[in-house]
Amino acid sequence: MAALLMFLFAACSSGASGTESSGETDNAAVTAAQERLAPLLIPVADTKIEVDTPLTQRPPAGKNVRIIRYNNTASGVFDQPMKDAGAALGWNISISPIDATDPQAISNEMIRAASQKVDYIVVTASSIQATGAGMDAAKSAGIPVFFGAGVGEPEGKANGLYGNTMRTTTNLAVLAMLDQMIVDSGGTGSVVLVNAPDSSQILAETGESAKRYVAENCPKCSLEVLDIAAADLGGDIASKVVAKVRQSPNTEYVVTTFSDLAVGLAPALGAAGLDDVKAYLSGLTEAEVDLVRNGTYPAGNLYPINDYPWLLFDQIARHSVGMDTLQKEHDTTGLKLWTTETVPDGMNSWDPPNYQDAYKSLWQIS
């Protein structure tokens with residue numbers, strides 16, 4: 001165990017530069033954070049898909065699935081793997097990007113999908129409450145709704161939600177970067193969390209979750225939250241972060257909750273003379289992996305971008321043959337934490353090896 005913890009400390013601290021946090025190291029907080037980070041350091045070659053229970057029969061072909069997602073880059077990266085998973089099942093996939101700043105957009109699109117009598121509706125980044133009349137329309141039409149990274153417990157006919165794939169992953173990814181901060185700072189770090197609570201219901205809960213997490217797991221650390229309005233996501237977020245850090249001169253770390261919040265962040269910090277502030281990115285894009293590799297950012301974590309949509313369609317496929325949707329197995333995806341020193345050569349993304357064949361095997365598809 002001692003050897004393992006030494007390895008974890010090296011892996012989590014590599015690539016970092018600048019002044020260490022002042023104050024006495026909190027060894028207990030560091031050790032606990034290292035242990036929580038251990039699963040994120042498992043080599044990609046040793047990972048597997050999250051489910052292993054085969055379907056009782058091959059799902060029926062020809063199902064029509066409407067995907068409703070926000071019209072931003074972070075949501076758009078899942079479009080192709082959604083289509084690929086649907087194609088493997090012989091299903092028809094239509095994707096509806098909607099305005100993230102319009103609180104009625106999701107509900108209106110759900111009502112439209114229900115009127116078109118699709119077989120399934122998938123909504124990413126929402127909640128049962130926020131779907132409102134859209135969920136009511138789906139229930140009335142007998143159309144099961146599935147969330148991707150949403151808020152709400154699936155209760156089937158009782159609330160209209162039949163699955164919530166990756167329900168906890170976004171929050172866990174942010175907490176992992178806070179653990180990285182705890183390890184790197186010796187348990188005494190000061191961090192600004194950059195969040196956009198208006199853009200996603202699940203992110204609306206992330207700020208408070210992060211505050212509780214740091215208070216419970218790193219008593220010598222401090223955390224402040226900078227909330228970015230959904231209407232400002234296309235603007236100069238980096239300047240807002242710089243202004244926040246200047247207001248809190250003891251800040252040593254910045255953590256962003258998703259990739260759109262990190263655009264231009266490192267250059268802005270450098271131009272402001274804040275080179276010692278370390279920015280950790282949660283939910284790295286492929287381009288941002290290169291920025292970790294070259295040291296622009298010392299660390300970040302990333303989801304299995306292609307595996308996640310297949311995991312989501314696995315839930316729908318199980319429903320289509322009358323099986324339990326296995327919410328526990330679908331509640332989260334794997335995560336990988338990469339630093340400047342540990343980014344695998346030649347890799348800018350990751351998925352469990354042979355994940356497509358693994359799902360097809362479970363789905364009775366040759």
Side-chain angles (χ1 to χ4, degrees), residues 39-40 42-52 55 59 63 65-97 120 122-125 146-150 163-170 172-173 176 202 258-260 281-290 292-293 300-318 325-326 329-338 343-363 365-366:
L40 281 69
I42 296 173
V44 171
D46 295 335
T47 60
K48 298 179 181 179
I49 64 173
E50 288 79 3
V51 286
D52 57 14
L55 273 63
K63 296 292 185 181
V65 183
R66 179 67 50 81
I67 311 292
I68 302 172
R69 55 90 167 167
Y70 290 124
N71 59 347
N72 56 35
T73 303
S75 299
V77 297
F78 300 109
D79 285 359
Q80 190 57 51
M82 291 276 190
K83 295 175 182 177
D84 293 342
L89 290 161
W91 292 357
N92 305 307
I93 310 302
S94 58
I95 299 174
S96 298
Y120 293 102
V122 173
V123 181
T124 61
F146 287 78
F147 282 170
N164 192 351
T165 304
M166 209 169 79
R167 182 181 67 89
T168 61
T169 306
T170 302
L172 292 175
I202 199 163
F258 65 98
S259 60
D260 287 11
L281 313 186
S282 181
L284 293 170
T285 64
E286 292 192 17
E288 288 168 340
V289 172
D290 275 335
V292 172
R293 179 179 280 113
N301 62 35
L302 59 167
Y303 316 121
I305 296 296
N306 299 292
D307 169 72
Y308 152 59
W310 285 70
L311 182 65
L312 188 154
F313 272 81
D314 181 81
Q315 274 203 300
I316 304 175
R318 291 175 189 280
T325 58
L326 301 181
E329 287 85 341
H330 294 77
D331 208 48
T332 189
T333 63
L335 286 165
K336 289 287 170 279
L337 171 64
W338 289 346
V343 176
D345 292 339
M347 295 186 69
N348 280 58
S349 63
W350 78 279
D351 292 293
N354 303 313
Y355 69 95
Q356 293 180 332
D357 290 339
Y359 284 110
K360 289 179 181 179
S361 178
L362 293 181
W363 299 344
I365 296 173
S366 58

Check your understanding: Quick one: does Met347's side chain get under 4.5 Å of Val289's, heavy atoms only?
Key -> no
Revision key, fill the gap. In terms of heavy-atom contacts, His330 and Val51 come closest through CE1-CG1, 3.4 Å
Review point. Would you call the rings of Tyr359 and Tyr355 parallel, tilted or perpendicular if under 30° counts as parallel and over 60° as perpendicular?
Key: perpendicular
Point to revise | Value rounded to 0.5 Å, distance of CG in Leu302 from CG in Leu335 | key: 8.0 Å
Check your understanding: Between Trp338 and Asn301, does a side-chain contact (heavy atoms from CB on, under 4.5 Å) hold up when you go through it step by step?
Key -> CA-CA 6 Å; Trp338 289 346; Asn301 62 35; over 6 Å; no
Check your understanding: Going by heavy atoms in the side chains, are Met82 and Leu312 under 4.5 Å from each other?
Key -> yes
Point to revise | Pair Ile93-Phe313, side-chain contact (heavy atoms from CB on, under 4.5 Å): steps then yes or no | key: CA-CA 11 Å; Ile93 310 302; Phe313 272 81; 3.5 Å; yes
Exercise for review: Give the C-alpha distance, both sets of side-chain angles, the deciding distance and a yes or no for side-chain contact (heavy atoms from CB on, under 4.5 Å) between Leu326 and Arg318.
Suggested key: CA-CA 8 Å; Leu326 301 181; Arg318 291 175 189 280; 3.7 Å; yes
Exercise for review: Begin with the C-alpha distance, continue with both residues' side-chain angles, and end with the deciding distance and a verdict on side-chain contact (heavy atoms from CB on, under 4.5 Å) for Val292 and Leu284.
Suggested key: CA-CA 9 Å; Val292 172; Leu284 293 170; 4.0 Å; yes
Review point. How about Arg293 and Asn348: do any of their side-chain heavy atoms sit closer than 4.5 Å?
Key: yes
**Study point:** Side-chain touch Lys336/Thr47, heavy atoms, less than 4.5 angstrom
**Key:** yes
Review point. Can you check whether Arg167's main-chain N or O pairs, donor with acceptor, with Asp331's side chain at less than 3.5 Å?
Key: no
Revision key, fill the gap. Nearest heavy-atom contact between Asn71 and Pro97 is CB-CB, 3.9 Å
Review point. What's the spacing between Leu172 CG and Thr332 OG1 if we round to 0.5 Å?
Key: 5.0 Å
Point to revise | Closest non-hydrogen atom pair between Tyr303 and Ala173, with its separation | key: CE2-CB, 3.8 Å
Review point. With a 4.0 Å cut-off, would you call Lys83 and Asp79 a salt bridge?
Key: no
Check your understanding: Which distance, rounded to the nearest 0.5 Å, do you find between the CG of Asp260 and the OG of Ser75?
Key -> 8.0 Å
Point to revise | Side-chain heavy atoms of Leu362 within contact of Ile49, under 4.5 Å | key: yes
Practice item. Rounded to the nearest 0.5 Å, what's the gap from CD1 on Ile95 to CZ on Arg69? Could you check? Key: 6.5 Å
**Study point:** Aromatic plane relationship, Phe146 with Tyr120 - under 30° parallel, 30 to 60° tilted, over 60° perpendicular
**Key:** perpendicular
Practice item. Would you check if the side chain of Thr169 reaches a backbone N or O of Thr333 as a donor-acceptor pair within less than 3.5 Å? Key: yes
**Study point:** Whether Trp310 and Trp363 hold their rings parallel, tilted or perpendicular, with breakpoints at 30° and 60°
**Key:** parallel
**Study point:** Side-chain heavy-atom pair Asp314, Leu55 within 4.5 angstrom cut-off
**Key:** yes
Practice item. Using a 4.5 Å cut-off on heavy atoms from C-beta on, say whether the side chain of Phe147 contacts that of Ile202. Key: no
Review point. How many angstroms lie between CG in Asn72 and OG in Ser259, if you round to the nearest 0.5 Å?
Key: 8.0 Å
Review point. Do side-chain atoms of Asp351 reach the backbone of Asn306 as a donor and acceptor pair under 3.5 angstrom?
Key: yes
Point to revise | Closest non-hydrogen atom pair between Ser96 and Arg66, with its separation | key: OG-CD, 3.2 Å
Review point. Judged by atom type as modelled, is there a donor-acceptor pair below 3.5 Å linking the side chain of Trp91 to the main-chain atoms of Ala317?
Key: no
Review point. Is there side-chain contact between Pro352 and Pro304, with heavy atoms separated by less than 4.5 Å?
Key: yes
**Study point:** Atom pair OG/CD1 of Ser94 and Ile67 - distance to nearest 0.5 Å
**Key:** 7.5 Å
